[in-house]
Structure formats: structure tokens, C-alpha cells
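Heads up: numbering here begins at 1 and tracks the sequence. Read the numbers this way: they start at 1 and go in the same order the structure lists the ligands and their atoms. Values below: every heavy atom of this structure, side chains too, minus hydrogens, waters and symmetry copies.
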Amino acid sequence: MGEAPKGRFAPTPSGRMHAGNILSALIAWLSIRSAGGTLVLRIEDLDPRAQDREVAKLLMDDLAWLGLDWDEGPYFQSSRHEIYREAVAQLTERGLTYPCFCTRAELHAASAPHASDGTYVYQGTCRHLTPEEVAAKAAVRKPAIRLIVPDAEDPAGTISFTDMVYGPKTEVLARECGDFLIQRSDGVCAYQLAVTIDDGLMGVTQVVRGHDLLGSCARQIYLQRLFGLKTPQYAHVPLLMSPAGRRLSKRDHDLDLGVMRKRYGHPGPIIGMLASAVGLAEQGEEVLPQDLVPRFSWDIIRAHRADIVVNDAFLW
Ligand code: GLU
């Protein structure tokens with residue numbers, strides 16, 4: 001028997017939670033509660049635009065209202081900048097980083113090579129700048145900081161892992177992303193670094209989150225190896241999509257929890273709708289998270305891992 005797992009909710013308070021965020025939180029909660037583990041709440045307000053304590057409070061109130069409780073935290077990433085700066089400094093001392101002066105337009109140019117998921121692959125433009133070139137550029141522009149990834153032929157840069165829902169994955173960092181950002185040009189630490197350091201320091205052993213973040217695992221595992229941190233189990237869960245095939249976001253206000261709380265008045269229909277979409281409840285059944293604990297299994301989620309289209313049949 002392994003140890004009881006430690007999971008986390010890691011919401012970004014850039015707006016009210018929407019149905020997609022709730023589905024990830026529900027599955028993370030069920031996995032941990034059905035295995036007798038513990039959950040951490042971490043508010044991912046790294047970005048100054050997301051540093052809204054009022055929104056964070058609403059988020060916590062929404063989780064509690066839904067019946068999704070946690071055991072540790074809240075931790076706020078906005079209070080942890082020192083920890084991240086120290087981590088970036090360590091990598092820099094080890095000769096693993098360099099300053100990057102490329103503009104957004106340069107990075108996203110149509111001529112730039114792109115990975116299978118459409119994101120750009122950094123070509124190492126700033127990797128070999130001389131100290132004089134760095135000084136000249138730094139006089140006019142604040143640099144971002146990138147982490148050097150091994151060349152494609154070096155086995156250290158090939159990352160393999162098994163996602164509990166989507167199965168085995170292998171990624172060659174040099175081909176999928178290239179040297180990646182660990183600190184932005186405004187001095188704010190990049191998501192990949194903050195999340196890796198936090199999951200490591202908080203002892204998280206199970207990461208459950210939306211399918212859109214599956215492509216971040218290889219970078220996070222590579223960082224874990226550099227810092228000697230353990231790799232958690234990863235489980236990515238289906239996304240909610242609009243009928244037009246777009247991922248639902250905080251802009252889809254009908255599915256924002258503020259609107260849904262008013263419309264339904266009770267968590268039963270909301271949890272029921274999401275649970276039935278992943279095979280944990282009957283269509284039309286009202287349930288609370290607690291009721292689903294004995295029904296939960298990863299096999300059921302695996303069997304329902306296709307993204308979920310939110311159409312009129314989905315919304316009761
Ligand atoms: N903060 C991210 C979000 O709200 C999740 C990051 C993660 O789970 O690794 O989408």
C-alpha cells in the first residue's frame with residue numbers, strides 16, 4: 001500500500017470559477033477523499049492582474065458552498081515571490097539560465113517553428129549572446145530568464161511519464177518547447193517554475209487538472225529533476241467545450257458559478273450535471289460531492305475522458 005496521497009486545488013483568481021474549473025476541482029477532491037488523503041488549497045495569484053483578494057475569497061466561498069473542502073492552506077503565490085526568486089537564482093548559479101530579450105512579436109512570428117500543439121518552440125536566439133551584447137540590450141530592455149534544455153539527442157531532455165487518464169507520454173523538450181521561460185521580463189516568476197517549486201515544497205503527490213495542462217508536465221518534471229524533487233502522479237481531466245469547439249473560459253458567464261448559484265440555488269444540480277458528464281451520476285441526478293466518494297474510480301474517468309461539449313442537453 002502506498003502512502004495516502006496529497007492533492008491540491010490550484011485556482012487562479014482571475015475571475016469567478018466556471019463549470020470547467022469545478023469539474024477539475026471535483027475530480028481532484030474525489031480522488032483524494034476516496035483514498036483518505038489530504039488536499040492543499042493554493043491560490044495562483046502570481047500575475048499581478050490575478051492578485052485580487054476579493055476574487056480569491058469568492059473562490060474559497062464557492063468551493064465551500066459546493067462541498068469541496070481542503071485540509072491545508074490557503075497559500076498565496078503572491079506571498080511566495082522570494083522562494084521563486086531563490087529558485088531562479090540557484091539555476092542561474094548552476095549556469096542553466098540566460099537572459100532573453102526577444103519581444104512577443106518575435107517569439108510568435110508565423111515563421112517561428114511551432115510544436116505539435118501549435119505553441120512556439122524557442123530557437124535559442126539569446127542563448128549565445130556575448131556579455132557585451134547582453135549589457136547593450138539590458139540597457140534598453142528588461143530581459144526574461146530562460147532555462148536551457150538539453151539538445152534533442154541528449155536523453156536527459158526526453159521526458160516520459162504516464163498520465164492516469166491519458167496514458168503514457170514522451171516529450172523531447174528541445175522539439176516541443178526549447179529553452180523555456182522561468183521568469184518573465186516584468187520580474188514575475190513563470191507558471192512552470194512556481195507550480196513545480198510549490199508542488200514540491202508542499203509535498204503534493206497527486207496533480208489533477210484540466211487536459212490543457214498536459215503539455216506542461218514535461219517541463220515541470222524536468223524542473224523537478226533539477227531540484228531533486230519527487231514527480232507527483234499526474235491525472236488530467238476532460239475540458240468543457242462550447243458547441244463551437246472552443247474551451248470554455250471565464251468569459252462564458254452562463255457557466256460562471258456566480259450565475260449558476262443564483263440559477264440553481266443548491267450545489268446538487270451543478271455537481272450532478274458535471275458528474276453525469278464523466279460517468280459518475282445518472283443524467284438528471286442531483287448529487288453532492290460526498291455522495292460520489294464511494295462511486296469514484298479513475299477507471300470511470302478514463303472511460304469518459306473525451307472533452308465535454310456544453311450544449312442544451314448538458315445544461316438542465
Ligand atoms: N492555476 C492554474 C489554473 O487555474 C492551474 C495550474 C495547475 O493546476 O498546475 O488553471
Side-chain angles (χ1 to χ4, degrees), residues 5-32 39-52 55-60 62-63 66 68 70 72-81 84 117 119 159 161 163-166 169 177 180-182 184 188-224 229-241 246-252 255-257 301 307:
K6 188 167 187 183
R8 37 71 148 195
F9 297 137
T12 301
S14 55
R16 200 85 184 238
M17 279 204 290
H18 64 73
N21 307 134
I22 302 168
L23 178 63
S24 302
L26 173 66
I27 297 175
W29 186 92
L30 287 171
S31 173
I32 292 297
L39 269 159
V40 172
L41 173 63
R42 181 171 73 232
I43 305 291
E44 301 213 320
D45 56 352
L46 260 187
D47 194 311
R49 276 171 308 180
Q51 280 177 24
D52 188 332
V55 178
K57 260 196 229 142
L58 271 178
L59 225 147
M60 288 188 257
D62 283 343
L63 284 170
L66 289 163
L68 301 173
W70 59 93
E72 194 184 310
Y75 296 103
F76 288 84
Q77 286 192 325
S78 56
S79 311
R80 298 170 62 81
H81 287 297
Y84 311 134
D117 65 353
T119 52
I159 309 289
F161 65 98
D163 184 80
M164 290 206 288
V165 176
Y166 293 94
K169 299 276 164 209
C177 58
F180 62 88
L181 282 184
I182 53 171
R184 307 183 332 191
V188 175
C189 156
Y191 156 74
Q192 305 293 356
L193 184 99
V195 88
T196 305
I197 295 292
D198 282 349
D199 283 338
L201 292 181
M202 293 171 191
V204 168
T205 62
Q206 188 181 93
V207 168
V208 178
R209 59 188 176 193
H211 184 198
D212 52 328
L213 288 169
L214 189 56
S216 287
C217 288
R219 279 170 278 179
Q220 294 174 14
I221 294 171
Y222 184 64
L223 280 165
Q224 286 153 12
L229 297 168
K230 281 199 190 136
T231 294
Q233 280 180 317
Y234 285 107
H236 288 77
V237 301
L239 299 179
L240 263 47
M241 311 293 284
R246 195 172 41 75
R247 180 162 68 91
L248 282 194
S249 73
K250 290 179 174 147
R251 277 168 307 196
D252 296 286
L255 292 169
D256 135 338
L257 195 51
I301 306 298
D307 288 338

Which ligand 1 atoms does [X] reach within 4.0 Å, using its non-hydrogen atoms?
| X | result |
| --- | --- |
| P11 | 4 (O) |
| R209 | 7 (C), 8 (O), 9 (O) |
| A10 | 1 (N), 2 (C), 3 (C), 4 (O), 5 (C) |
| E44 | 1 (N), 2 (C), 5 (C), 6 (C) |
| V195 | 9 (O) |
| L213 | 5 (C), 6 (C), 7 (C) |
| T12 | 1 (N), 2 (C), 3 (C), 4 (O) |

- Report yes or no: is the cationic atom of R42 (NZ for Lys, CZ for Arg) under 6.0 Å from the centre of the six-membered ring of F76, at an angle within 45° of the ring normal? no
- Task: Please check if any side-chain donor atom of T231 sits under 3.5 Å from a side-chain acceptor atom of Q224, or the reverse.
- Result: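 Checked: T231/Q224 side chains pair up, N/O donor to acceptor below 3.5 Å.
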- Query: Is the backbone of P238 close enough, under 3.5 Å, to the side chain of D307 for a donor and an acceptor to pair up by distance?
  - Reply: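 Looks like no, no N/O pair under 3.5 Å.
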- Applying a strict 4.0 Å limit to heavy atoms, is R8 in contact with ligand 1?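 True for this residue.
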- From H211, Q233, H236, residue fulfilling side chain to side chain contact (heavy atoms under 4.5 Å, CB included) relative to D163: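 Only one of H211, Q233, H236 forms a side chain to side chain contact (heavy atoms under 4.5 Å, CB included) with D163, namely H236.
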- Task: Locate the shortest heavy-atom distance separating I197 from L229; write the atom from each residue and the value.
- Result: CA-CD1, 4.5 Å
- Task: Taking all non-hydrogen atoms of both residues into account, name the closest pair between Q77 and L46 and its distance.
- Result: OE1-CG, 3.4 Å
- Message: The test is salt bridge (Lys or Arg N to Asp or Glu O under 4.0 Å); show your working for E72 and R8 and say whether it passes.
- Response: CA-CA 9 Å; E72 194 184 310; R8 37 71 148 195; over 6 Å; no
- Message: With a heavy-atom distance limit of 4.0 Å, tell me whether N21 approaches ligand 1 through its side chain, its backbone, both, or neither.
- Response: neither
